[in-house]
Amino acid sequence: MKISLALSGGAARGAFHLGVLHALEENMIEPIAISGSSIGAIIATSYAAGVSPLDQLDIFKSKAFKKAFKFNFFKQGILQIDRQQKILKELVPIDDISETNITLNITTIDLNSGNIIRFEKGDAVTLCIASASVAPLFHPISYGEYQLVDGGIMDNLPVEPLKKAGFPIFGVDLHPDQKGFKNTIGGIVKRTIFLMWRASVQAQKKECDLYITHPDLSKYSLFRFNNLQEMFDLGYERALLLTDY
């Protein structure tokens with residue numbers, strides 16, 4: 001079976017995407033086109049470039065991957081990603097996103113215009129970093145005329161670029177519905193970001209032929225990488241259940 005696949009943002013929860021991809025492979029479900037925002041863009045690019053879900057999981061677990069994140073001393077952001085780290089080239093082993101056999105689309109936001117900017121070609125590592133640059137944690141990425149940040153701000157489940165492919169659309173969402181928040185500054189900020197992401201997903205999920213998420217994802221922190229295997233297993237089991245037909 002051939003499909004199109006939309007992968008949402010969600011930082012460390014991206015391990016759930018990898019479990020879903022692994023299950024799709026086992027069920028001989030082949031993504032012909034993949035679109036992603038934020039961590040979804042990174043995983044989509046890596047997969048389209050031929051890096052298996054299991055190999056990606058090993059990279060995300062590695063100390064080398066964690067070393068790619070550096071404190072930015074509040075210069076346009078708190079953190080930055082060191083694009084010179086060799087581990088990033090292992091994760092994204094292509095120069096241009098147009099080089100893949102799978103049609104690939106990366107979603108970003110241009111801070112200058114406030115518009116969604118989608119890429120089907122361009123520097124692979126730079127565009128992946130740009131799509132995952134959650135403001136204000138990361139500084140914007142200068143790319144041509146653009147100042148690019150996290151695509152999930154306005155389109156966290158980028159279904160739109162997949163419609164032209166003509167295949168059933170599977171959407172994988174790392175932000176299940178959840179209620180309640182701690183009435184603290186941190187809690188309010190987290191809740192606000194969550195509602196922003198959810199708002200961008202409500203319409204898109206209606207466009208999916210199969211929508212995949214799991215309520216237990218809400219238990220996992222977006223920025224802690226110590227439960228990656230659990231989230232991988234969660235995605236694997238969920239996808240096997242929903243695609244076993």
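Just so it is clear, the model here is predicted, and its values are computed rather than measured. Hydrogens, waters and symmetry mates are skipped; everything else that's a heavy atom, side chains included, is used.
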- [ ] Check for a donor-acceptor pair, side chain of Asp96 on one end and backbone N or O of Ser98 on the other, with a separation under 3.5 Å.
- [x] yes

Open item on the list: For Asn101, I'd like to know if atom CG has over 12 heavy atoms of other residues, nucleotides or ligands within 6.0 Å.
Closed with: no

Task: Rounded distance [0.5 Å steps], CG in Leu157 versus SG in Cys208 - done: 5.0 Å

Task: Test item: Asn156 side-chain N/O and Gly9 main-chain N/O as donor-acceptor pair under 3.5 Å - done: yes

Task: Minimum heavy-atom distance Ala165-Ser4, with the two atoms named - done: CB-OG, 3.5 Å

Task: Note, Tyr236 side chain near Pro53 side chain (heavy atom, < 4.5 Å) - done: no

Task: pair Glu90-Ile59: side-chain heavy atoms closer than 4.5 Å - done: yes

- [ ] Identify whether Leu241 and Leu234 are in the same connected component of the hydrophobic contact network (ILVMFWY, side-chain heavy atoms under 4.5 Å).
- [x] no

Task: Side-chain (Arg224) to main-chain (Ala12) donor-acceptor, under 3.5 angstrom - done: no

- [ ] Would you name the heavy atoms of Leu111 and Pro140 that are closest together and state the gap between them?
- [x] CD1-CG, 3.6 Å

Task: Within the 6.0 Å centroid threshold, strictly below: Tyr143 and Phe119 - done: yes

TODO: Please check if Leu217 and Phe225 belong to a single hydrophobic cluster, counting links between Ile, Leu, Val, Met, Phe, Trp and Tyr side chain heavy atoms closer than 4.5 Å.
DONE: yes

Task: Same apolar cluster (I L V M F W Y, side chains within < 4.5 Å links), Tyr220/Phe65 - done: yes

Task: Minimum heavy-atom distance between Thr243 and Phe170, given as atom pair plus value - done: CG2-CE2, 4.0 Å

Task: Side-chain heavy atoms of Leu18 within contact of Phe60, under 4.5 Å - done: yes

TODO: Describe, in one word, how the ring planes of His22 and Phe232 are oriented to each other, choosing from parallel (under 30°), tilted (30 to 60°) and perpendicular (over 60°).
DONE: tilted

Task: Student check: side-chain heavy atoms of Thr213 and Leu174 closer than 4.5 Å - done: no

- [ ] Report yes if some heavy atom in the side chain of Glu25 is under 4.5 Å from a heavy atom in the side chain of Tyr47; otherwise report no.
- [x] yes

TODO: Answer yes or no: is there a donor N or O on one side and an acceptor on the other, between the side chain of Ser46 and the main chain of Ile42, under 3.5 Å?
DONE: no

Open item on the list: Within this structure, what is the CD-CD distance for the pair Glu160 and Gln204, rounded to the nearest 0.5 Å?
Closed with: 8.5 Å

Open item on the list: Within the 3.5 Å criterion, strictly below it, is a donor on Asp155 or Thr107 matched to an acceptor on the partner's side chain?
Closed with: no

Task: Main-chain N/O of Pro168 paired with Lys2 side-chain donor or acceptor, under 3.5 Å - done: no

TODO: Ignoring hydrogens and angles, tell me if any N or O in the side chain of Ser131 forms a donor-acceptor pair with the backbone of Cys128 under 3.5 Å.
DONE: no

Open item on the list: If I take atom CG from residue Leu104 and atom CD1 from residue Ile94, how far apart are they, to the nearest 0.5 angstrom?
Closed with: 6.5 Å

Open item on the list: Treating Arg238 as the side-chain partner and Ile212 as the backbone partner, does any N or O pair qualify as donor plus acceptor under 3.5 Å?
Closed with: no

Open item on the list: Measuring from atom CD1 of Ile3 to atom CD1 of Ile32, what distance do you get when rounded to the nearest 0.5 angstrom?
Closed with: 9.0 Å

Open item on the list: Looking at every non-hydrogen atom in both residues, tell me the closest pair between Gly235 and Val20 and how far apart they are.
Closed with: O-CG2, 3.5 Å

Open item on the list: Which heavy atom of Pro158 sits nearest to which heavy atom of Leu7, and what is that distance?
Closed with: CD-O, 4.0 Å

Open item on the list: So does Asp150 get a backbone contact from the side chain of Ser38, meaning a donor-acceptor N/O pair under 3.5 Å?
Closed with: no

Task: Donor-acceptor contact below 3.5 Å, side chain Asn105 vs main chain Pro161 - done: no

Open item on the list: With heavy-atom distances below 4.5 Å as the criterion, would you say the side chains of Ile43 and Phe16 are in contact?
Closed with: no

Open item on the list: Can you tell me which residue among Leu21, Val159, Ile169, Leu162 is in a side chain to side chain contact (heavy atoms under 4.5 Å, CB included) with Leu5?
Closed with: Leu21

TODO: Output the distance between atom CD1 (Ile34) and atom NE2 (His17), rounded to the nearest 0.5 Å.
DONE: 10.5 Å

Open item on the list: Looking at every heavy atom in both Ala64 and Ile87, which two are closest together, and how far apart are they?
Closed with: O-CG2, 3.6 Å

Open item on the list: I'd like to check Gln147 versus Asp110 (side-chain heavy atoms, cut-off strictly below 4.5 Å). Are they in contact?
Closed with: yes

Open item on the list: Would you compute the distance between atom CZ of Arg13 and atom OG of Ser221 and round it to the nearest 0.5 angstrom?
Closed with: 7.5 Å

Task: His214 side-chain N/O to Met231 backbone N/O, donor-acceptor pair under 3.5 Å - done: no

